[in-house]
> 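Take this structure, written in structure tokens, and hold onto it; I'll ask about it next.
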Amino acid sequence: QLQLVESGGGLVQPGGSLRLSCAASGLRFNDYTIGWFRQAPGKEREAVSCIRSIGGIVMYINSQKGRSTISRDNAENTVYLQISSLVPEDTAVYYCAARRSSFCSMNEEYYDYWGQGTQVTVSS
């Protein structure tokens with residue numbers, strides 16, 4: 001069983017930045033593709049970004065391109081999502097998810113393991 005724990009959320013002013021972390025334990029982390037998703041109040045969960053198990057290939061939704069950077073440190077069993085130029089529309093609970101695969105997907109049904117989420121609030 002793979003456990004995922006997100007951290008790094010909080011209250012940020014518009015224009016600010018955050019680095020979210022997704023720490024994994026329980027299984028061989030290097031085998032797992034990681035996705036980041038978010039769910040805003042009253043909205044469906046949507047994909048944000050993805051990084052495959054061995055790195056190198058990443059994906060972002062259009063609203064995050066140029067503002068977000070996903071990376072992973074397999075030695076630390078952690079995936080990071082750096083988001084800059086935050087806007088109120090980025091307010092959401094951010095989740096990371098994992099699947100034992102070398103392929104990236106922005107489809108939440110693709111993933112087998114989920115963290116509990118970390119709240120990001122962008123407000124002045």
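Note that this is a predicted model, so its numbers are computed, not measured.
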> Is any side-chain heavy atom of S7 closer than 4.5 Å to a side-chain heavy atom of T118?
no
> Exactly one of S17, S71, S68 should register a side chain to side chain contact (heavy atoms under 4.5 Å, CB included) with Q82. Which one does?
S17
> Search all heavy atoms of D90 against all heavy atoms of S85 and return the closest pair with its distance.
OD2-O, 4.4 Å
> Within the distance-only criterion (no hydrogens, no angle test), does the side chain of R99 pair as donor or acceptor with the backbone N or O of D112 below 3.5 angstrom?
no
> Apply side-chain contact (heavy atoms from CB on, under 4.5 Å) to residues Y110 and S101 and explain how you reach the verdict.
CA-CA 10 Å; Y110 181 77; S101 170; 2.5 Å; yes
> Applying side-chain contact (heavy atoms from CB on, under 4.5 Å), run through S53 and D31 and close with a yes or a no.
CA-CA 5 Å; S53 56; D31 293 339; 5.5 Å; no
> The test is side-chain contact (heavy atoms from CB on, under 4.5 Å); show your working for F29 and I34 and say whether it passes.
CA-CA 10 Å; F29 182 67; I34 303 294; 3.9 Å; yes
> Any side-chain heavy atom of I54 sitting closer than 4.5 Å to one from R52?
yes
> Look only at the side chain of E6 and the backbone of C96, and say whether a donor-acceptor pair between them is shorter than 3.5 Å.
yes
> Where do G8 and L18 come nearest, in terms of heavy atoms and distance?
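Scanning both residues, the minimum pair turns out to be O-CD2, 3.5 Å.
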> Taking side chain as C-beta onward, heavy atoms only, is V87 less than 4.5 Å from P14?
no
> Of L27, L4, N74, which is the lone residue that meets side chain to side chain contact (heavy atoms under 4.5 Å, CB included) with Y32?
L27
> Closer than 3.5 angstrom, by distance alone: can the side chain of T33 be matched with the main-chain N or O of F103 as a donor-acceptor pair?
yes
> Taking S123 for the side chain and T121 for the main chain, is one N or O donor matched with an acceptor at less than 3.5 Å?
no
> Do the side chains of R45 and R38 get nearer than 4.5 Å, heavy atoms only?
no
> Does the side chain of Y80 pick up a donor-acceptor pair with the side chain of R19 at under 3.5 Å?
no
> Might you confirm whether atom CD of Q116 has over 12 heavy atoms from other residues, nucleotides or ligands at distances under 6.0 Å?
no
> V48, V12: one ILVMFWY side-chain cluster at the under-4.5 Å cut-off?
yes
> side-chain contact (heavy atoms from CB on, under 4.5 Å), that's the test. Do C22 and W36 meet it? Break it down for me.
CA-CA 9 Å; C22 173; W36 279 100; 3.6 Å; yes
> Hey, what's the ring geometry for Y95 with W114, parallel, tilted or perpendicular (30° and 60° as the breaks)?
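If you compare the ring of Y95 with that of W114, the planes turn out perpendicular.
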> Check whether any side-chain heavy atom of Q1 sits under 4.5 Å from a side-chain heavy atom of Y113, and report yes or no.
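With C-beta onward as the side chain, the pair touches.
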